[in-house]
Amino acid sequence: QVQLVESGGGLVQTGGSLRLSCAASGRTVSTAGMGWFRQAPGKEREFVAAYNWGGASTPYSASVKGRFTISRDNANNTVHLQMNSLKPEDTAVYYCAARSAGPITSVTHSVHYWGKGTLVTVSS
């Protein structure tokens, strides 16, 4: 099993920045892909970004491309999401995601493990 713990959420004004982090523990040697999804109130969970081993790229969601950057700290089994130029429509619970083998894609069923989520609120 892999445990994922998110941190870094909070309240920010439009145009501001936040950096989310997700620490993986447990059977991290089996974590092939890590990424982020988000879920706004009343909406379905949607893909944001992924960092996959072996070069299997998954493009950023069109809604965040150019504003968000995902990175991975291998030594600490952590993945980060730098979010810049935040907009009110970015308000959501952000979930860390991981997959044991193969890449995380833009669909939720590509994910094997989920974190509990961290709330990001962007005020207008």
Whether Arg72 side chain and Val79 backbone form a donor-acceptor pair below 3.5 Å
no
Would you confirm whether Ser110, through its side chain, and Thr105, through its main-chain N or O, come within 3.5 Å as a donor-acceptor pair?
yes
Can you tell me how far [atom2] of [Y] sits from [atom1] of [X], rounded to the nearest 0.5 angstrom?
| X | Y | atom1 | atom2 | answer |
| --- | --- | --- | --- | --- |
| Tyr60 | Leu81 | OH | CG | 7.5 Å |
| Trp114 | Thr108 | CH2 | OG1 | 6.0 Å |
| Phe47 | Ile104 | CZ | CD1 | 8.0 Å |
| Gln82 | Leu18 | CD | CG | 8.5 Å |
| Ser25 | Asn77 | OG | CG | 8.5 Å |

State, to 0.1 Å, how close [X] and [Y] come at their nearest heavy-atom pair, and which atoms those are.
| X | Y | value |
| --- | --- | --- |
| Ala24 | Leu4 | CB-CD2, 3.7 Å |
| Ser17 | Ser85 | OG-N, 4.3 Å |
| Ala92 | Ala40 | CB-N, 3.8 Å |

What pairs of donor and acceptor atoms, side-chain ones from residues 117-124 against any protein atom, are under 3.5 angstrom apart with sequence neighbours left out?
{"residue": "Thr118", "atom": "OG1", "partner": "Gly9", "partner atom": "N", "Å": "3.3"}

For the pair Leu20 and Glu6, evaluate side-chain contact (heavy atoms from CB on, under 4.5 Å) and give the outcome as yes or no after the intermediate values.
CA-CA 7 Å; Leu20 304 183; Glu6 304 97 336; over 6 Å; no
Quick one: do Thr58 and Asn52 satisfy side chain to side chain donor-acceptor pair (under 3.5 Å)? Show the steps, please.
CA-CA 8 Å; Thr58 301; Asn52 297 306; 3.2 Å; yes
Validation row: [X], [Y] side chains within 4.5 angstrom (heavy atoms):
| X | Y | answer |
| --- | --- | --- |
| Gln3 | Tyr113 | no |
| Val111 | Arg99 | no |
| Pro88 | Thr14 | yes |

Check side-chain contact (heavy atoms from CB on, under 4.5 Å) between His80 and all other residues, then give those that pass, not counting sequence neighbours.
Arg19, Ser21, Ser71, Asp73, Thr78
For a ring-ring contact (aromatic ring centres under 6.0 Å, His included) check, start with the C-alpha distance between Phe37 and Tyr95, then their side-chain angles and the critical distance, and finish with the verdict.
CA-CA 5 Å; Phe37 287 70; Tyr95 295 91; 9.0 Å; no
Going through the checks in order, is the side-chain contact (heavy atoms from CB on, under 4.5 Å) test met by Val48 and Phe68?
CA-CA 9 Å; Val48 176; Phe68 291 10; 3.7 Å; yes
Would you list the pairs meeting side-chain hydrogen bond (donor to acceptor under 3.5 Å, both in side chains) in which at least one residue belongs to residues 37-50, sequence neighbours left out?
Arg38-Glu46, Arg38-Ser63, Arg38-Asp90, Arg38-Tyr94, Gln39-Arg45
